[in-house]
Amino acid sequence: MGTLTRSEDRALPASISDVLSGSVPEGRKVRIRGWLSNRRSSGGVVFLIMRDGTGWLQCVARRDVLGDKKLDELEKLPIESVLELEGSVRADKRAPGGYELSIDRYRILSVAWPDYPIAKKYHGPDFLLEKRHLWIRSKKMWCILIVRSKLLKAARSWLDEHGYVEVQAPILTASACEGGATLFPVDYFGRKAYLTQSWQLYGEAFIASVGKCYTLAPSFRAEKSRTRRHLTEYWHLEVEIPFCDLKCLLKVIDEFITHICHELADKAAEELRTLGRDPADLARVEPPFPRLKYDEAVEMLQAEGVQIEWGEDLTWTCEKVLASEFDVPFFVTHFPKTAKAFYHKPDPERPEVTLSADLLAPEGYGEIIGGGERIDDYETLLARIREEGLDPADYEWYLDLRKYGSIQHSGFGLGVERMVMWVCKLDHIRDAIAFPRLVRRRSSWSTTMMPMAYALVRS
RNA sequence: GCCGCCGUAGCUCAGGUGGUAGAGCGGCGGGCUGUUAACCCGCAGGUCGUGGGUUCAAGUCCCACCGGCGGCGCCA
């Protein structure tokens, strides 16, 4: 046995992911800090399962090393207490993750109360939503949050590398954007304002300044949608592209979504596997995605016996039937004018349909992206605004964009939680976001974690 | 907005046809020298969602309300 130098003798600050990745040599002394997520004991040995935000690590305290008093202290320490541990790394097949820490020394940084409400057993959704501020510590929520973060990172890096500029627009707005969706009204110094449903209209203004651009921001829908795929507050990644027609838009989405899927398959494989998603499902995604015209979709659905008339928007039942036919994302394009918002450009060859496209996720997950080519002609836009019964005065600035240098342009909006739900194979959208805002629920954490806008709405 | 189901211990649930409550987990005490949501023994813990009604008697039957879950519609 060689003599240890001073630097090797001193414990190296390390994260749990460092240890689990095998980058810390076996026998090396390290110091980790984290929360005690579980504890098991067997007389002379106590297993502490530690969590530090980068992973979970089994740490072993032995009576013959630490003595009776210290072992008893560790054995009785409440779950969720915070510890600083020093010890040596060792590979052991019996340890989850293949590595564990043999504890030499420890310091208790915070003693938790003994009544941590989340037990090591199955809990119902109501309880977990009420205890969400604690449940986000669970392995499942941790995996989802990591995947979500990596998804957004991949999205941003693709956009940045392709010359898109990130911009921001107000959340409080004066008028509607999407025709059908319902708005949350807000009292704005005695006048009425609304929480935004979409950045898109602003996006169309931005393209004449910075060109290709995007934003990542919350959008709000006041619909009392009682489903497993709706939030009243969700994160919306919206992109707007000048000099781009529908064909160009589909190509952008092909490449954008493919990049995200490949990045996740590569960089979030372990988290995805833990969630029950085979990374190969995402690695398989390749452009171009299948393209289906609305007409063909209706024919397919009618052939399957689904009740749908040409001109109606695709209902959830329709989406599910279509989405179960594919194992990769696919487009539905050329929706009828009657099923889409006023700004969608009519197809010059067939004015009753629009140059629109939705991207549906496979396996029955349904729509994750909505977009299309926008109307660039002043008169056509004005006519469509009137046709929908909207007040042109509310859209004066938007109409201006068609007066001063109007060009062909397209864009899309990605429902971030919808995409997270699909890639993580979740059965409910509430788990795709840390603190879900749902129609029929006001959890205890809503009060203090409620954004100012909501406080205004409620007053 | 519509349809269906549910509400019993901190949590998950069991309590045929009415006779004032049980289990597992969690907590507390003890045991176990390699555990994997560890396990074993013991203890504590409940105005049965709220209000009203039927009855000698209601967790159980009836009505209303509140809360939750699932599905449809609308949408990302």
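Within every chain, numbering begins at 1; the chains are lettered A, B, ... in the order of the sequence lines, protein sequences first and strands thereafter.
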| request: Considering only atom P, compute the distance from B:C5 to B:A64 and round it to an integer number of Å. | output: 14 Å
| request: Nearest whole angstrom, please: distance from the C1' of B:C75 to the CH2 of A:Trp235. | output: 20 Å
| message | Base, sugar-phosphate or nothing for A:Asp126? Non-hydrogen atoms, less than 4.0 Å. | response | sugar-phosphate
| message | Checking base pairs now: Watson-Crick or wobble, both atom distances under 3.5 Å. What partners B:C65? | response | B:G49
| Protein-nucleotide distance (A:Tyr234, atom OH; B:A76, atom P), rounded to Å | 6 Å
| query | Just to confirm, is there a sub-4.0 Å distance from OP1 or OP2 of B:A37 to any side-chain nitrogen or oxygen of A:Lys140? | reply | no
| query | Whom does B:G22 pair with, Watson-Crick or G-U wobble, provided both distances fall under 3.5 Å? | reply | B:C13
| For B:C72, the Watson-Crick or wobble partner whose two distances fall under 3.5 Å | B:G1
| field | Shortest side-chain distance from A:Arg90, nucleotide among B:G30, B:G34, B:C69 | value | B:G34
| At under 4.0 Å between heavy atoms, what does A:Gln58 touch on the DNA or RNA strands: base, sugar-phosphate, or nothing? | base
| said: What is the separation between atom CD on A:Glu80 and atom C1' on B:G27, rounded to the nearest whole Å? | reply: 16 Å
| note | Among B:A37, B:C32, B:U35, the one nearest any side-chain atom of A:Asn38 is B:A37
| query | Stacking between A:Trp316 and the base of B:G73 (centre distance under 5.5 Å, interplanar angle under 30°)? | reply | no
| task | With P as the reference atom in both, quote the distance from B:A14 to B:U60 in angstrom, rounded to an integer. | result | 16 Å
| field | From B:G10, B:A76, B:C74, nucleotide with atom closest to A:Phe127 side chain | value | B:G10
| Distance, P atom - from B:U17 to B:G59, rounded to whole angstrom | 14 Å
| request: Would you indicate which nucleotide in B:C69, B:G34, B:C72 comes nearest to any side-chain atom of A:Pro125? | output: B:C69
| message | Any non-hydrogen side-chain atom of A:Glu263 less than 4.5 Å from a side-chain atom of A:Lys150? | response | no
| note | Heavy-atom nearest nucleotide on RNA chain B taken for A:Val45 and for A:Asp313; more 5' hit belongs to A:Val45
| field | Nearest-Å distance once atom P is located in both B:C62 and B:C25 | value | 35 Å
| message | Counting distance alone, no hydrogens or angles: does the base of B:C72 have a donor or acceptor under 3.5 Å from a partner atom on the side chain of A:Thr317? | response | no
| query | Are OP1 or OP2 of B:G70 and a side-chain N or O of A:Arg430 less than 4.0 angstrom apart? | reply | yes
| task | Could you let me know what B:U35 is paired to, Watson-Crick or G-U wobble, both distances under 3.5 Å, or none if it's on its own? | result | none
| Can you tell if the side chain of A:Glu325 reaches within under 4.5 Å of the side chain of A:Phe330, non-hydrogen atoms only? | no
| field | Options B:C69, B:C32, B:C11, nucleotide nearest the side-chain atoms of A:His123 | value | B:C11
| request: Look at all strands and tell whether A:Lys320 reaches a base, only sugar-phosphate, or nothing, counting heavy atoms closer than 4.0 Å. | output: sugar-phosphate
| Presence of donor-acceptor pair under 3.5 Å, side chain of A:Glu223 and base of B:G1 | no
| Short side-chain N/O contact to B:G31 OP1/OP2 from A:Ser42, under 4.0 Å | no
| Do A:His344 and A:Thr354 meet the criterion of a side-chain donor-acceptor pair at a distance under 3.5 Å? | no
| said: With rounding to the closest Å, how many angstrom separate the C1' atoms on B:C48 and B:C74? | reply: 39 Å
| message | Within the 4.0 Å heavy-atom criterion, would you say A:Ile369 contacts the bases, only the backbone, or no part of the nucleic acid? | response | sugar-phosphate
| message | As a test of reading the structure: which of B:C75, B:C69, B:G27 is closest to the side chain of A:Pro114, going by heavy atoms? | response | B:G27
| task | Scan A:Arg94 against the nucleic acid and name what it touches under 4.0 Å (heavy atoms): base, sugar-phosphate only, or nothing. | result | base
| field | Out of B:G1, B:U35, B:C75, whichever nucleotide has its closest atom nearest the side chain of A:Arg229 | value | B:C75
| message | Tell me the interatomic distance from A:Leu36, atom CG, to B:G26, atom P, rounded to whole angstroms. | response | 14 Å
| task | Ignoring the backbone of A:Lys224, work out which of B:G1, B:G34, B:C32 is nearest its side chain. | result | B:G1
| message | Taking any heavy-atom pair under 4.0 Å as a contact, classify A:Lys76: base, sugar-phosphate, or nothing. | response | sugar-phosphate
| field | Inter-nucleotide C1' distance (B:G68, B:A58), Å rounded | value | 24 Å
| request: Check whether any side-chain heavy atom of A:Tyr164 sits under 4.5 Å from a side-chain heavy atom of A:Trp158, and report yes or no. | output: yes
| remark: Exactly one of A:Arg418, A:Arg221, A:Glu417 clears side chain to side chain donor-acceptor pair (under 3.5 Å) with A:Tyr234, and that residue is A:Arg221
| field | C1' gap between B:A37 and B:G24, integer Å | value | 13 Å
| task | Measure from NZ on A:Lys131 to P on B:G10 and round the result to the nearest Å. | result | 11 Å
| message | So A:Met300 and A:Leu292, do their side chains get closer than 4.5 Å, heavy atoms only? | response | yes
| said: Between P on B:G27 and CH2 on A:Trp113, what's the gap in Å once rounded to a whole number? | reply: 16 Å
| field | Proximal nucleotide (of B:U35, B:C75, B:G73) relative to the A:Thr227 side chain | value | B:G73
| Less than 3.5 Å between a donor and an acceptor, one on the side chain of A:Arg418 and one on the base of B:C75, is that the case here? | yes
| Between B:U47 and B:C63 - P atom distance, rounded Å | 27 Å
| query | Within the structure shown, what part of the strands sits under 4.0 Å from A:Glu312 by heavy-atom distance: base, sugar-phosphate, or nothing? | reply | nothing
| field | Under 3.5 Å donor-acceptor pair, A:Glu75 side-chain atoms to B:C32 base atoms | value | yes
| said: Counting distance alone, no hydrogens or angles: does the base of B:C74 have a donor or acceptor under 3.5 Å from a partner atom on the side chain of A:Ser225? | reply: yes
| message | For A:Arg31, I'd like to know if atom CZ has over 12 heavy atoms of other residues, nucleotides or ligands within 6.0 Å. | response | yes
| task | Identify which nucleotide among B:C74, B:G34, B:A76 has an atom closest to any side-chain atom of A:Asp92, counting heavy atoms from C-beta outward. | result | B:G34
| message | Between A:His428 and B:G70, is there a contact of a side-chain N or O with OP1 or OP2 at under 4.0 Å? | response | yes
| message | Measuring only between side-chain heavy atoms, which start at C-beta, is A:His123 closer than 4.5 Å to A:Trp135? | response | no
| Under 4.5 Å between any side-chain heavy atoms of A:Tyr202 and A:Cys213, yes or no? | no
| field | Spacing between A:Leu314 atom CG and B:G73 atom P, to the nearest angstrom | value | 11 Å
